[in-house]
Visitor: 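Take a look at the following structure, please.
By convention in this document, chain letters (A, B, ...) are assigned in the order of the sequence lines, proteins followed by strands, and residues within each chain are numbered from 1.
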Number of protein chains: 2
Amino acid sequence: MQKLTRKEQIERTATALFKSKGFAATSMRDLATALGIEAASIYSHIKSKEEILQRVCFRMADEFFEAIDVAEDKRKTASNRLRAAVAAHVQVLTNNTEASAVFLHEWRHLSEPLHGEFLALRDKYEARFRGIIRSGIQNGEFSVPDEKFAALTVLSALNWIHTWYKPEGKMTPLEIANSLSEMLLNGLTSK
Amino acid sequence: MQKLTRKEQIERTATALFKSKGFAATSMRDLATALGIEAASIYSHIKSKEEILQRVCFRMADEFFEAIDVAEDKRKTASNRLRAAVAAHVQVLTNNTEASAVFLHEWRHLSEPLHGEFLALRDKYEARFRGIIRSGIQNGEFSVPDEKFAALTVLSALNWIHTWYKPEGKMTPLEIANSLSEMLLNGLTSK
DNA sequence: TAAATTTGCTAACGGATGTTAGGAAACGTA
DNA sequence: TACGTTTCCTAACATCCGTTAGCAAATTTA
């Protein structure tokens, strides 16, 4: 257990509140109470409420990109690249369930230009999945009518995990990733 | 185009705002401005801000149940029951994109006991999908390790639609439903 | 021990929030 | 035309909001 700066403690507590109540419904006084201090004291460490949201959203974006950068190997088959991307994505999600929920749902409370920058990053990330699926279609591994539709469906199947995943649950992140890859690649039907 | 009561107009406008800005970030004065009246005037038609949220959430719950009740036919194969349930779900989602977004994301701003009642309904609905998958596993049609996990993955793949679906887009709701069923039942891999 | 930094406080600001009270036009119906 | 209902208004309430100013204790660093 590493030592956290006060600013990191604030971010962490805020992230938990943002996940459970939402950004807009979490007041600085709620956050202060959760930290055991006064609301005004928070401003010795951060500039604004939005700064917290910004840091969480963009840090998670970084994490997702780093994970997929490590996982993706263009020499592998499209199926194996998708398996690796799914595993990487699930690892990040399960390692940071609260920050992931904020990343997935609270980014819209960012004001411009952050809002636009965030959306651009998200598009770029989705494009990575589209690229994998496109190459699978081109070499005949995959058969799907619409590459973008398939990519969004894959990601949406992954992005529900944070709502139910508990570290103490019966499935490990790796098992979850394997089950999802299996289901996305081969479907429910018995072969 | 049927004639709407003022209360229905208020609900409809509020639903659009709740989807785009979120329940907590939408003020009664925002809603009033969108309607072209004063905030206080709204209270001639509704009791509270939460009443609007409640009505939207529970009406959509009704719609989802009605749709799956009509679609499900226990004499069909599990595959075809799943196809029908997916098509029903997609129809409701695409017919009410804004109310669906509220149903999926804003229900957590309901206070007790509504919050609990809503969750119970949602569990009951998910159980319908679990039931279909369970019967498919039992008769050998499906092969998946965890019935609950599979059901949640199916629903999560469906529940992203409202974020991108536009009635004027190139895919019809039926095409979307067919693509999704195909992908969920048979996966991405070519046969 | 002295200086610098971190952490927190009280008090208060200007504005936004959901909602109520009480009244007045406008409208449909008898 | 009279009556009940629908619709909307102004004014105001109590409370909550994010944030700032100014200051003091505590902790870390030199």
Visitor: Residues from residues 20-27 of chain B sitting under 4.0 Å of DNA chain C, heavy atoms only?
Guide: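 DNA chain C contact set from residues 20-27 of chain B: Thr26(B), Ser27(B).
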Visitor: Transitive ILVMFWY cluster of Trp160(B) at side-chain heavy atoms under 4.5 Å: who else is in it?
Guide: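 Direct or chained contacts put Trp160(B) with Trp160(A).
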Visitor: How would you give the extent of chain B contacts on DNA chain C, as first and last nucleotide 5' to 3' within a 4.0 Å heavy-atom cut-off?
Guide: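 Using the under 4.0 Å cut-off, the span is dT17(C) to dT20(C).
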Visitor: For the helix from dT1(C)-dA30(D) to dA30(C)-dT1(D), what is the angle between the axes at its two ends, each from 5 pairs, rounded to 10°?
Guide: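 End-to-end axis angle for the helix from dT1(C)-dA30(D) to dA30(C)-dT1(D): 30°, rounded to 10°.
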Visitor: May I have the list of side-chain donor-acceptor pairs in residues 116-126 of chain A shorter than 3.5 Å, sequence neighbours left out?
Guide:
{"residue": "Tyr125(A)", "atom": "OH", "partner": "His89(A)", "partner atom": "ND1", "Å": "2.6"}

Visitor: Are Glu51(B) and Lys7(B) close enough for a salt bridge, meaning some N to O gap below 4.0 Å?
Guide: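 Salt bridge present between Glu51(B) and Lys7(B).
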Visitor: Which residue pairs satisfy the salt bridge (Lys or Arg N to Asp or Glu O under 4.0 Å) criterion with at least one member in residues 93-115 of chain A, sequence neighbours excluded?
Guide: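 Output for this query lists Glu106(A)-Arg108(B), Arg108(A)-Glu106(B).
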Visitor: Want to settle it: does Lys47(B) or Ser44(B) sit nearer the 5' end of DNA chain C, counting the closest nucleotide to each?
Guide: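 Upstream on the strand: Lys47(B).
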Visitor: Give, ordered by number, those residues of residues 34-43 of chain A having at least one heavy-atom distance below 4.0 Å to an atom of DNA chain C; if nothing qualifies, reply none.
Guide: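 Result for residues 34-43 of chain A: Ile37(A), Glu38(A), Ala40(A), Ser41(A), sorted by number.
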Visitor: Quick one: list whatever passes side chain to side chain donor-acceptor pair (under 3.5 Å) with Gln138(A), sequence neighbours left out.
Guide: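 None.
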Visitor: What's the NZ-P distance between Lys7(B) and dT7(D), to the nearest Å?
Guide: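 About 11 Å, once rounded to whole Å.
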Visitor: Under the side chain to side chain donor-acceptor pair (under 3.5 Å) test, which residues partner Asp146(A), sequence neighbours left out?
Guide: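 Here no residue qualifies.
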Visitor: Check the distance between dC17(D)'s P and Glu50(A)'s CD and give it to me in whole angstrom.
Guide: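 Checked: the CD to P distance equals 18 Å.
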Visitor: Distance check needed: dT7(D) P versus Glu8(B) CD, whole Å only.
Guide: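 About 11 Å, once rounded to whole Å.
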Visitor: Distance-only, no hydrogens or angles: does the Ser135(B) side chain make a donor-acceptor pair with backbone N or O of Ile132(B) under 3.5 Å?
Guide: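 Checked: pair present.
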Visitor: Take the protein atom CD1 of Ile52(A) and the nucleotide atom C1' of dT19(D), then report the distance between them rounded to whole Å.
Guide: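 Going from Ile52(A) (CD1) to dT19(D) (C1'), I get 13 Å.
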Visitor: Let me confirm one number: the CZ-OG1 distance from Arg83(B) to Thr77(B), rounded to the nearest 0.5 Å.
Guide: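 If I round to the nearest 0.5 Å, the distance is 7.0 Å.
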Visitor: What integer distance in Å separates Arg29(B):CZ from dA11(D):P?
Guide: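 Rounded to whole Å, this separation is 14 Å.
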Visitor: Quick test of your reading: applying side chain to side chain donor-acceptor pair (under 3.5 Å), list the pairs with at least one residue in residues 35-49 of chain A, sequence neighbours left out, ordered by first then second residue.
Guide: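 Residue pairs passing side chain to side chain donor-acceptor pair (under 3.5 Å), neighbours aside: none found.
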Visitor: Could you note down all residue pairs passing side chain to side chain donor-acceptor pair (under 3.5 Å) where residues 54-69 of chain A supplies at least one of them, sequence neighbours left out?
Guide: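 Only Glu11(A)-Arg55(A), Glu11(A)-Arg59(A), Asp69(A)-Arg128(A) qualify under side chain to side chain donor-acceptor pair (under 3.5 Å).
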Visitor: I'd like to know whether NZ of Lys148(A) has more than 12 heavy-atom contacts from other residues, nucleotides or ligands below 6.0 angstrom.
Guide: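 For Lys148(A), atom NZ is not crowded (no more than 12 foreign heavy atoms under 6.0 Å).
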Visitor: Report the distance from atom CG of Asn80(A) to atom CD of Glu72(A), rounding to the nearest 0.5 Å.
Guide: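 Rounded to the nearest 0.5 Å, the CG-CD separation comes out at 12.0 Å.
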Visitor: Got a sec, which residues hit side chain to side chain contact (heavy atoms under 4.5 Å, CB included) with Ala87(B), two or more places apart in sequence or on another chain?
Guide: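 So Ala87(B) forms a side chain to side chain contact (heavy atoms under 4.5 Å, CB included) with Ala177(B).
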